[in-house]
Amino acid sequence: MNLERSVVLLVDDNPQALDLLAAMFRGFGVHRQVKSMSAADAQNIVKTRELDLIIIDTAMPGMSGYDFVRWLRREAPPDARFTPVIMLTGHAARATVESSRDCGANFILAKPFTPEVLLQRIYWVAKDERQIVSCDSYVGPDRRFKNMGPPLGKKGRRKDDLSGKVGVAKEPNMVQDEIDMLMKPTRVSL
């Protein structure tokens, strides 16, 4: 993946973290970087510049990263609303991850991270084919991931791979609380 032509907005209120991010992106070949130390300044940049990616910290004084992404998805100029966003956090608690997901971010990355991990997440976001959902309560990437199973005519690798044919549902859809409980980490005794 060649990032040389990309324009990236880096937003963090910590000057050392901002310089470190800028150095990582220079290492990735990104020469057109726009740095901002506040979400409010980042709003002005979004209004005047065409951007390919936004990297923003979640916790900043004044406007938080979450508020910025909500603004971006709902009120920013139409051409900028679907710019991919990777949020950075020093505290990867479940509530932080859920808040990032719910405000419309494409991905969240816990600090500290290596340049390799950041580049992997950028690559993932670039290859992401999820549609953008826009409704009263949410604007952002579709939060549903699809498992269509192995290609037709191919045997699955695992015994629980889905078949290529999807039949009629045998039971009602789960509510979000039930889904969250399935995703909750549990202790395993070995």
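Since the model is a prediction, treat every value here as computed from it, not as a measurement.
If you chain together hydrophobic residues whose side chains sit under 4.5 Å apart, Leu9 and Val125 never meet in one group. In the hydrophobic clustering of this structure, Met87 does not group with Val133; members are Ile, Leu, Val, Met, Phe, Trp, Tyr whose side-chain heavy atoms approach within less than 4.5 Å, directly or through other members.
Here the CG-CZ distance, from Asp128 to Phe107, works out to 9.5 Å after rounding to the nearest 0.5 Å. In this structure, CG in Asp13 is found 11.5 Å from CG in Asp41, a value given to the nearest 0.5 Å. Atom CE of residue Met24 and atom CZ of residue Phe28 lie 7.0 Å apart, to the nearest 0.5 angstrom. Atoms CG and CD, from Asp67 and Gln43 in turn, are 9.0 Å apart once rounded to the nearest 0.5 Å. Atoms CZ and CZ, from Arg5 and Arg32 in turn, are 9.0 Å apart once rounded to the nearest 0.5 Å. Atom-to-atom distance recorded for Ile56:CD1 and Leu21:CG is 11.5 Å, nearest 0.5 angstrom.
Taking both residues in full, the closest heavy atoms of Trp71 and Lys47 are given as CZ2-CE, 3.7 Å, listed atom of the first, atom of the second, then distance. The nearest pair of heavy atoms linking Ala76 to Val46 is CB-CG1, 4.2 Å. Contact record, Ser134 with Val139: OG-CG2, 3.8 Å, taken as the closest heavy-atom pair. Shortest non-hydrogen contact noted between Met63 and Ala40 is SD-N, 4.3 Å. Across all their heavy atoms, Ala42 and Ser36 have their closest contact at N-OG, 3.4 Å. Contact between Arg73 and Val85 at its shortest, heavy atoms only, is NH2-CG2, 3.9 Å.
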Check step by step if side-chain contact (heavy atoms from CB on, under 4.5 Å) holds for Trp124 and Ile86.
CA-CA 11 Å; Trp124 186 87; Ile86 297 176; over 6 Å; no
What's the verdict on side-chain contact (heavy atoms from CB on, under 4.5 Å) for Leu3 and Leu119, showing C-alpha distance, side-chain angles and the deciding distance?
CA-CA 10 Å; Leu3 298 173; Leu119 188 58; 4.0 Å; yes
Could you check Val11 against Phe68 for side-chain contact (heavy atoms from CB on, under 4.5 Å), going step by step and ending with a plain yes or no?
CA-CA 10 Å; Val11 188; Phe68 172 83; 5.6 Å; no
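In terms of modelled atom types and a separation under 3.5 Å, the side chain of Arg81 and the main chain of Leu72 share no donor-acceptor contact. Formation of a donor-acceptor pair under 3.5 Å by the Thr58 side chain with backbone atoms of Thr89 is not found in this model. Between the Asp52 side chain and the Val8 main chain, no donor and acceptor come within less than 3.5 Å of each other.
Within a 6.0 Å sphere centred on OH of Tyr123, heavy atoms belonging to other residues, nucleotides or ligands number 12 at most.
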